[in-house]
2 protein chains.
Amino acid sequence: MAVKKEQDASTEERILAAARIVFTRKGFAATKVRDIAAEADINLSLVNYYFRSKEKLFEVVMAEAVQKLVFEIATIFNDTQLGIPEKITRAVNYYIDLLLENPDFPLFLVNEIITGDDMFTRFAQQNTLFQSDLIRQLFAMKEEGKLSVHPVHVMMNVIGLVVMPFLARPILERNALVKDGEFVKLMNERRTLIPLWLKGMLG
Amino acid sequence: MAVKKEQDASTEERILAAARIVFTRKGFAATKVRDIAAEADINLSLVNYYFRSKEKLFEVVMAEAVQKLVFEIATIFNDTQLGIPEKITRAVNYYIDLLLENPDFPLFLVNEIITGDDMFTRFAQQNTLFQSDLIRQLFAMKEEGKLSVHPVHVMMNVIGLVVMPFLARPILERNALVKDGEFVKLMNERRTLIPLWLKGMLG
DNA sequence: GATAAAATTGAACAGTTGTTTAAAAAAGTT
DNA sequence: AACTTTTTTAAACAACTGTTCAATTTTATC
């Protein structure tokens, strides 16, 4: 008995896709299971049938997001073959790629840091960003006297310079400071600008 | 008849204070009116008695927050007496002061950009940050060929460098990268570092 | 094609949540 | 003190929300 799952993934995947959209747009608390069902155009009960609860479904979506946001970067930051500037350049490019495809990610994640019952924390715990080889390199550089500021400043700057524009995007576009399509152009400029700026900060 | 309000402000103010705490910590959707009543230690009905609805109460709290975050800065950015570096230095210091006192502000505001029904937008519309004298100065500098990048880059960098640490703070402290109390020290360092970094970017 | 398993549906449940109401208590006014 | 207004309270309402259940339909297996 029990034919393993994986027969008709279409419904399950549709729910997941809908959940991604609604959770990302409205956050966990403001999202109703009925919203997801409507977005997926399936019966309400199916959400609980495929995923056990709203919370479990959310965890899946959140895990995906964190995975995308953290794992690749962790690999780069932990590549002992790469120097600091190269690590930063690659990370910046990866993030800008990712965020151009998923512009709502930062808002979504930031939202859950407050709203959620530390769901974010649970996953971010595996977070190797902050105990990475890059951190080690920066601390070493600091001790050699070649870096004048606390390594954390550098980390905060990388993240801030990459992520903030996506957080501010709605406001920028609303105030017509950035016209349609221009945002993408600006972000592409930042691929080379941010590493340049950081080089200035390191020196 | 109708003795004007303002008699016993204590209850009203207690509700408001409680609302600030709970809304800021959990966001609009995740906050229950009963949470606020409990936090204020008053009867549930009084919330609707003094403020007409949860939404109206939230608007008050949000308006306060946006006011604090935008108005002072707008004044600085629009002071035609001040040069670019001086504007930036003052803005950075004001923001760091403000955010050290209200560390949850950024998370709160960012949260409402997605979750809220554009409540943030309504207020931020008065936003003179992005049509300020500083913007004008930067565009002028750009046209004179003394600024190589788009002025928006500069704006995004200022905000990003100041605000991001406060967004990342929970993660930084959780991962023990920043010890207790050290965060404040780092932010105070950034008062001088950020203007310095930005000078480098402008040149 | 008969049988079993899995998927889907509509309805209902139980708990929550924002809001209202009517009555009581407190404060203010004459 | 009598009376009015304002404030506070407890209870209830009505709508909403996550979840479950039983019945039905669809799909897979022999």
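The sequence lines fix the lettering, A, B, ..., with proteins before strands; numbering per chain opens at 1.
Separating the CG atom of Asn48(B) from the C1' atom of dT19(C) is a distance of 5 Å, rounded to the nearest angstrom. In this entry the distance linking CD1 of Ile15(A) with P of dT9(C) reads 10 Å, nearest Å. The CG-P distance, from Leu44(B) to dA10(D), rounds to 11 Å in whole Å. Between the C1' atom of dG18(D) and the CZ atom of Phe28(A) lies a distance of 10 Å, rounded to the nearest Å. The distance between atom OH of Tyr50(B) and atom P of dT6(D), rounded to the nearest whole Å, is 11 Å. In this structure, the CD1 atom of Ile36(A) is 14 Å from the C1' atom of dT19(D), given to the nearest Å. For Asn43(A) and dG10(C), the CG to P distance is 6 Å, given to the nearest whole Å. Separating the OH atom of Tyr49(B) from the P atom of dA22(C) is a distance of 16 Å, rounded to the nearest angstrom.
Closest to the side chain of Lys32(A), out of dT17(D), dT8(C), dT19(C), is dT17(D).
Within a 6.0 Å sphere centred on NZ of Lys68(A), other residues, nucleotides and ligands contribute 12 heavy atoms or fewer.
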Determine, stepwise, if the pair Arg136(B) / Asn78(B) fulfils side chain to side chain donor-acceptor pair (under 3.5 Å). CA-CA 9 Å; Arg136(B) 197 192 48 69; Asn78(B) 281 307; over 6 Å; no

For a salt bridge (Lys or Arg N to Asp or Glu O under 4.0 Å) check, start with the C-alpha distance between Asp79(B) and Lys87(B), then their side-chain angles and the critical distance, and finish with the verdict. CA-CA 8 Å; Asp79(B) 188 336; Lys87(B) 278 193 176 78; over 6 Å; no

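Relative to the ring axis of Phe28(B), Lys54(B) places its NZ or CZ within 45° and under 6.0 Å from the centre.
Between the side chain of Ser45(B) and the base of dT20(C), at least one donor-acceptor pair of N or O atoms lies under 3.5 Å.
Nearest-nucleotide assignment on DNA chain C puts the 5′-proximal partner with Ile42(A), out of Ile42(A) and Arg34(A).
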